[in-house]
There are 2 protein chains.
Amino acid sequence: MLTKLEEFILLSVWRLGENAYGATIFRYICDTTGKNLSLGGVYFPLERLTHQGYLRSYMGITTPERKGLSRRYYKLTPKATAALEELRRINETMWAGFPDWAASVQSISK
Amino acid sequence: MLTKLEEFILLSVWRLGENAYGATIFRYICDTTGKNLSLGGVYFPLERLTHQGYLRSYMGITTPERKGLSRRYYKLTPKATAALEELRRINETMWAGFPDWAASVQSISK
DNA sequence: TCACTTTTTCTACATTTTAGAATACGCTTC
DNA sequence: GAAGCGTATTCTAAAATGTAGAAAAAGTGA
């Protein structure tokens with residue numbers, strides 16, 4: 001099963017689209033969760049997920065007029081999309097009916 | 001931050017109500033996720049969560065006419081409820097707009 | 001008493017996370 | 001053209017967490 005961090009990383013890659021690389025993913029997760037991750041704690045799972053076939057990565061070759069080391073960008077593979085959809089279903093079942101959840105989900109009235 | 005297992009354990013305790021003890025929690029999570037957890041992998045975090053103040057536990061003293069070791073029941077503390085509500089908010093933000101999610105959530109049209 | 005069922009507890013090992021230091025690269029400035 | 005700065009990635013060691021399964025506990029029934 002994907003860990004929570006892996007789940008969040010995959011979702012971040014999906015959401016950031018063309019702009020998904022280590023540093024932006026790190027910042028996005030920190031901002032959204034309000035927690036302080038460590039940088040290493042995002043780069044390491046990125047590699048792991050790539051090895052496991054959830055992500056494809058490629059070096060940024062375009063527009064090299066910016067400062068710094070060249071970026072390594074990430075994209076979801078179909079395997080990742082499938083895993084996320086399964087996870088979404090599991091999450092939905094687990095959380096169904098939890099107080100306050102009702103406010104944003106249809107067809108649960110309690 | 002709570003791990004995924006801890007999240008699922010807390011949700012199971014909430015859902016199982018008066019019937020939340022190690023073995024039922026274990027079975028509920030296995031059934032819902034379709035994964036094979038190990039038993040030890042549920043008892044250990046249960047103790048951890050209790051120590052950290054997310055759960056209160058008490059031994060089952062009622063109706064001792066059943067077989068087996070006496071059960072240790074669990075209940076959520078207010079700290080756990082608060083953590084779950086925060087997590088729900090984070091999850092909602094992370095998952096908002098993800099394909100297929102739309103089917104069960106209001107006001108997302110894409 | 002012995003075997004059986006349900007449940008918890010324990011142990012050893014593998015994986016994942018945390019925290020932060022080290023390294024890389026390309027501008028800019030002196 | 002060397003030094004410093006900002007953006008990024010890579011690496012390392014320690015701590016926390018998860019996996020797998022064996023062992024133990026307690027009551028029931030043969």
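Predicted model only: the values in this text are computed from it and were never measured. Numbers restart at 1 for each chain; the letters A, B, ... are given by sequence-line order, proteins then strands.
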Fill in: Out of D:dA8, D:dT17, C:dT17, whichever nucleotide has its closest atom nearest the side chain of A:Thr3
C:dT17

Discussion item. Can you see whether B:Arg72 engages B:Ser57 through a side-chain donor-acceptor pair at a distance of less than 3.5 angstrom?
Written reply: yes

Worksheet item: Considering heavy-atom distances to DNA chain C, does A:Ser38 or A:Gln52 have its closest nucleotide positioned more toward the 5' end?
Response: A:Gln52

Worksheet item: Under 4.0 angstrom, heavy atoms only, what part of the nucleic acid is B:Gly22 near: base, sugar-phosphate, or nothing?
Response: sugar-phosphate

Worksheet item: Over how many whole Å does the gap from B:Leu46 atom CG to D:dT19 atom P extend?
Response: 14 Å

Fill in: Exercise: do B:Tyr74 and B:Arg56 side chains pair donor with acceptor under 3.5 Å
no

Discussion item. So, does A:Arg48 get its side chain near the phosphate of C:dT17, meaning an N or O under 4.0 Å from OP1 or OP2?
Written reply: yes

Practice prompt. Looking at every strand, decide which applies to B:Gly40 at a 4.0 Å heavy-atom threshold: base, sugar-phosphate, or nothing.
Written response: base

Response to the item:
From CZ of B:Phe44 across to C1' of D:dA23 the rounded distance in Å is 17 Å

Worksheet item: So which nucleotide from D:dA8, C:dA19, C:dT7 ends up closest to the side chain of B:Arg71?
Response: C:dT7

Worksheet entry | Minimum-distance nucleotide (side-chain atoms of A:Pro45 versus C:dT17, C:dT18, D:dA8) | C:dT17

Item to complete: Please report, rounded to the nearest Å, how far the C1' atom of D:dG18 is from the CZ atom of B:Phe8.
Response: 15 Å

Practice prompt. For A:Leu39, answer base if it contacts any base atom (sugar-phosphate contacts may also be present), sugar-phosphate if it contacts only those atoms, and nothing otherwise; contact means non-hydrogen atoms under 4.0 Å.
Written response: base

Worksheet, complete the sentence: Closest non-hydrogen atoms of B:Cys30 and B:Leu37, given as atom of the first, atom of the second and distance, are SG-N, 3.7 Å

Practice prompt. State, without any angle test, whether A:Trp95 and B:Glu7 hold a side-chain donor-acceptor pair at a distance under 3.5 Å.
Written response: yes

Worksheet item: Which listed nucleotide (C:dT9, D:dA20, D:dA25) is nearest to the side chain of B:Leu69?
Response: D:dA25

